[in-house]
There are 4 protein chains.
Amino acid sequence: MDKTDILPDKKEAIMNAALLLFTKRGFYQTPTSLISKEAKVATGTLFHYFKTKEELIDSIYAISKKEYKEALIKGFYESSTIKEKMRTLCKNSIRWAVKNPEKHMFIRLFCSSPVISGEIREDVEKRFTFIDDLFSEASESEIFTDADPRLHFIFCISSINGACDYIIENGLQDKSEAISETVFNLIWDGIAKKGIN
Amino acid sequence: MDKTDILPDKKEAIMNAALLLFTKRGFYQTPTSLISKEAKVATGTLFHYFKTKEELIDSIYAISKKEYKEALIKGFYESSTIKEKMRTLCKNSIRWAVKNPEKHMFIRLFCSSPVISGEIREDVEKRFTFIDDLFSEASESEIFTDADPRLHFIFCISSINGACDYIIENGLQDKSEAISETVFNLIWDGIAKKGIN
Amino acid sequence: MDKTDILPDKKEAIMNAALLLFTKRGFYQTPTSLISKEAKVATGTLFHYFKTKEELIDSIYAISKKEYKEALIKGFYESSTIKEKMRTLCKNSIRWAVKNPEKHMFIRLFCSSPVISGEIREDVEKRFTFIDDLFSEASESEIFTDADPRLHFIFCISSINGACDYIIENGLQDKSEAISETVFNLIWDGIAKKGIN
Amino acid sequence: MDKTDILPDKKEAIMNAALLLFTKRGFYQTPTSLISKEAKVATGTLFHYFKTKEELIDSIYAISKKEYKEALIKGFYESSTIKEKMRTLCKNSIRWAVKNPEKHMFIRLFCSSPVISGEIREDVEKRFTFIDDLFSEASESEIFTDADPRLHFIFCISSINGACDYIIENGLQDKSEAISETVFNLIWDGIAKKGIN
DNA sequence: GATGAATGAGTGTTCATTCAT
DNA sequence: CATGAATGAACACTCATTCAT
């Protein structure tokens with residue numbers, strides 16, 4: 001899990017090629033032979049680094065999520081209010097997705113796919129419990145309208161993902177900061193009790 | 001309403017089996033042999049009704065979208081205000097998804113998949129232009145906060161889909177009417193200018 | 001075998017369609033479904049008249065050979081010398097092939113193919129023993145150069161078939177009478193002892 | 001001489017097995033699974049060396065024709081007269097066919113079959129233009145009777161092929177040299193003007 | 001007789017994976 | 001470490017043939 005640091009050239013080449021191909025063509029339409037070809041390694045080399053094709057996808061998923069997490073928390077703990085924390089998450093999230101569209105797409109495509117092993121998925125989810133905590137706290141502080149915090153959470157995630165789709169589909173990368181501000185307001189106006197700041 | 005016209009028994013059995021299997025296992029992990037087995041027909045029969053596996057998926061997509069559309073517009077034209085129209089769409093959408101979880105899932109899984117032929121996709125999209133019109137009208141009437149109506153649209157769809165996920169994941173089907181009211185409020189409070197009804 | 005006389009419409013349509021398709025596309029690249037489609041009958045109808053696809057080909061072969069034989073002997077028994085008899089055969093053969101190119105091609109394609117049942121083949125060969133007799137007679141009469149009459153026979157057939165190919169490939173149907181005279185001379189000059197007429 | 005360069009063992013085994021099976025059973029009645037079985041390789045191995053079944057047949061055709069050509073020209077350019085050149089071709093042709101009956105049969109079966117790709121066919125035909133040249137030269141030198149050189153050509157080829165059939169069908173391999181002399185005389189007496197040597 | 005929906009064995013081909021070099 | 005030839009199970013799809021109507 002921590003070999004991330006100094007990846008052998010070939011391993012990295014394989015993962016990069018696979019990320020591109022999986023997002024462009026899908027997992028099952030991407031033969032391992034094509035991945036090794038694009039990565040300019042022999043077919044056997046792929047299986048030297050990854051026992052199976054699924055292990056390769058697991059690794060990409062884990063790394064992408066790790067990077068996403070790192071981007072997500074930038075400035076989070078420095079934000080003083082719940083509203084600020086949420087704004088930070090919202091902006092970080094959109095910013096990262098726009099800068100790393102393949103990784104973002106990869107996560108969305110495979111987050112609910114049975115291709116990702118349950119084990120990896122659980123490991124990864126642990127990194128994000130701090131968000132659940134934030135929503136619970138907000139609920140308890142009566143900042144949010146009455147509703148299951150999980151519903152609020154899903155509402156936020158969905159809206160953020162929708163915004164990313166919007167930006168990428170319409171090529172609005174250069175306006176993404178403004179859009180993420182707009183989206184955060186849409187969300188906050190829905191979620192927060194009137195009069196809360 | 002449930003069938004286009006009068007589908008032959010076997011054709012229907014194949015489509016039903018395929019719908020279940022595709023949503024449970026995915027398109028590429030579902031061999032046609034398994035579909036025909038579950039549908040209790042011979043392998044050749046599947047190809048008697050659908051020239052290719054892709055034509056089968058196209059057919060399921062088209063029918064599901066057609067049924068969704070029919071559910072969506074119930075009471076839509078009878079709603080007098082834009083707010084009422086949107087509430088109707090939101091509730092109809094969630095209601096249909098909760099009643100037809102496989103078809104809902106099928107549409108979400110395959111709506112952006114290249115497996116669906118472009119031709120079918122275009123045919124289908126035409127049925128939903130009335131929603132674009134509604135958003136444009138709302139924008140022009142200055143009912144919505146300033147933002148691209150396409151962003152508002154994506155925001156709504158994402159939120160609704162998020163709500164469906166929430167209901168289905170948590171087994172809250174019996175509370176779906178209340179949840180959809182909550183979600184509509186989340187959306188409306190985000191989207192509409194303050195003071196608009 | 002003698003139902004040839006009054007063929008039911010559909011049976012004839014099937015045989016005609018099959019003759020064309022088999023010569024154009026080959027036996028194995030011609031599905032029975034295509035034959036019935038071209039013949040404008042249902043798939044079951046083909047198998048009503050012919051127990052199997054192979055029986056269909058046998059029937060076409062037998063009929064074609066029968067017609068060929070009938071064309072071949074026109075004027076044969078009226079010819080007085082061996083040379084005249086051979087000229088008659090040569091000319092009749094080319095004339096028929098040029099007028100019935102599909103049937104000629106069909107015979108050539110399938111004459112040595114295992115697709116034709118041995119039984120049919122034997123039945124058919126019997127009709128042509130009169131040619132063997134002619135060659136034996138010619139050999140015994142010391143009209144031909146010394147060589148196995150079977151070699152002479154194959155030499156003649158090959159040359160005649162070559163001539164048919166030449167005419168059909170080059171679209172020289174209108175010159176086929178002259179060509180067949182030329183070819184007969186080529187053959188005769190090869191076969192007959194010098195000074196024989 | 002026997003192989004293009006140094007063919008891998010398995011590739012050669014596949015081609016040999018396929019040559020035998022295709023001539024014995026025909027192209028469409030020979031499943032690739034049977035070829036790999038006879039060649040004692042896995043099904044995948046066949047497709048490792050030949051992208052498709054058709055590419056396999058193309059390769060066999062090209063190699064057979066290449067070998068045939070090499071056999072055909074032995075002593076050709078050393079022959080001084082047109083008659084000698086033709087005798088050389090006739091004898092070389094029959095000799096090769098008798099020694100390589102499967103390859104000979106393969107060429108005859110597939111030379112006019114659409115299974116062979118047009119590209120391969122053209123490549124191959126180029127090797128044999130020297131024969132056309134010979135016939136044109138003979139025609140222009142007024143050595144041959146008046147007739148289209150293409151007719152003479154077809155007449156020769158047909159006769160030679162007929163002779164090969166005769167030898168192989170009747171098991172006369174040990175007499176093939178004498179027979180080819182006989183056949184050459186049949187041909188020459190037909191083709192050449194009287195008194196030409 | 002005539003139909004065409006239904007059958008299922010059989011085909012060409014793919015591709016994740018192994019392993020000798 | 002790295003290679004790529006070799007493997008064979010699995011797949012989408014075809015098509016001769018049957019049979020209830």
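Order of the sequence lines sets the chain letters (A, B, ...), proteins ahead of strands, with each chain counted from 1.
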Nearest-Å distance, [atom1] ([X]) to [atom2] ([N])?
X     : N      : atom1 : atom2 : result
D:F50 : F:dA5  : CZ    : C1'   : 14 Å
C:K37 : E:dA5  : NZ    : P     : 14 Å
D:I57 : E:dG12 : CD1   : P     : 12 Å
A:K40 : F:dC1  : NZ    : C1'   : 21 Å
D:L34 : F:dG8  : CG    : P     : 16 Å
B:D9  : E:dA5  : CG    : P     : 14 Å
D:I14 : F:dG8  : CD1   : P     : 13 Å
D:I35 : F:dT7  : CD1   : P     : 15 Å

Closest non-hydrogen atom pair between C:V124 and C:A62, with its separation: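 Minimum heavy-atom contact is CG2-CA, 4.1 Å.
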Heavy-atom closest pair, residues B:T30 and B:K53: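 That would be O-NZ, 3.0 Å.
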Per-nucleotide protein contact string for nucleotides 14-21 of chain E, where B marks a base within reach and S marks sugar-phosphate only (heavy atoms under 4.0 Å, - for neither): BSBBB---
Residue pairs involving residues 16-27 of chain B (criterion side-chain hydrogen bond (donor to acceptor under 3.5 Å, both in side chains); sequence neighbours excluded):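 Residue pairs with at least one partner in residues 16-27 of chain B: there are none.
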Those residues that, when tested against C:K103, pass side-chain hydrogen bond (donor to acceptor under 3.5 Å, both in side chains) (two or more places apart):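 Applying side-chain hydrogen bond (donor to acceptor under 3.5 Å, both in side chains) to C:K103 gives C:E67.
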side-chain contact (heavy atoms from CB on, under 4.5 Å) involving [X] - partner list, sequence neighbours excluded:
X      : result
C:E125 : C:Y61, C:R121
B:Y49  : B:P8, B:K10, B:K11, B:I14, B:T45
C:K69  : C:I73, C:R127, C:F128, C:F130

For residues 105-119 of chain A, which side-chain donor-acceptor pairs fall under 3.5 Å, sequence neighbours excluded?
| from | atom 1 | to | atom 2 | distance (Å) |
| --- | --- | --- | --- | --- |
| A:R108 | NH1 | A:N161 | O | 3.4 |
| A:R108 | NH1 | A:D165 | OD1 | 2.5 |
| A:R108 | NH1 | A:D165 | OD2 | 3.0 |
| A:S113 | OG | A:V115 | N | 2.9 |
| A:S117 | OG | A:D58 | OD2 | 3.1 |
| A:S117 | OG | A:I120 | N | 3.3 |

OP1 or OP2 of E:dA5 under 4.0 Å from side-chain N/O of B:K11: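 Result: no.
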F:dC1 OP1/OP2 closer than 4.0 Å to side-chain N/O of A:H48: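 Negative; the distance criterion is not met.
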Stems formed with participation of DNA chain F [Watson-Crick or G-U wobble, under 3.5 Å, three or more pairs]: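 Result, WC/G-U stems under 3.5 Å: E:2-21 with F:2-21.
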Where at least one partner belongs to residues 9-40 of chain A, residue pairs that pass ring-ring contact (aromatic ring centres under 6.0 Å, His included), sequence neighbours excluded: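 The answer is A:F22-A:F27.
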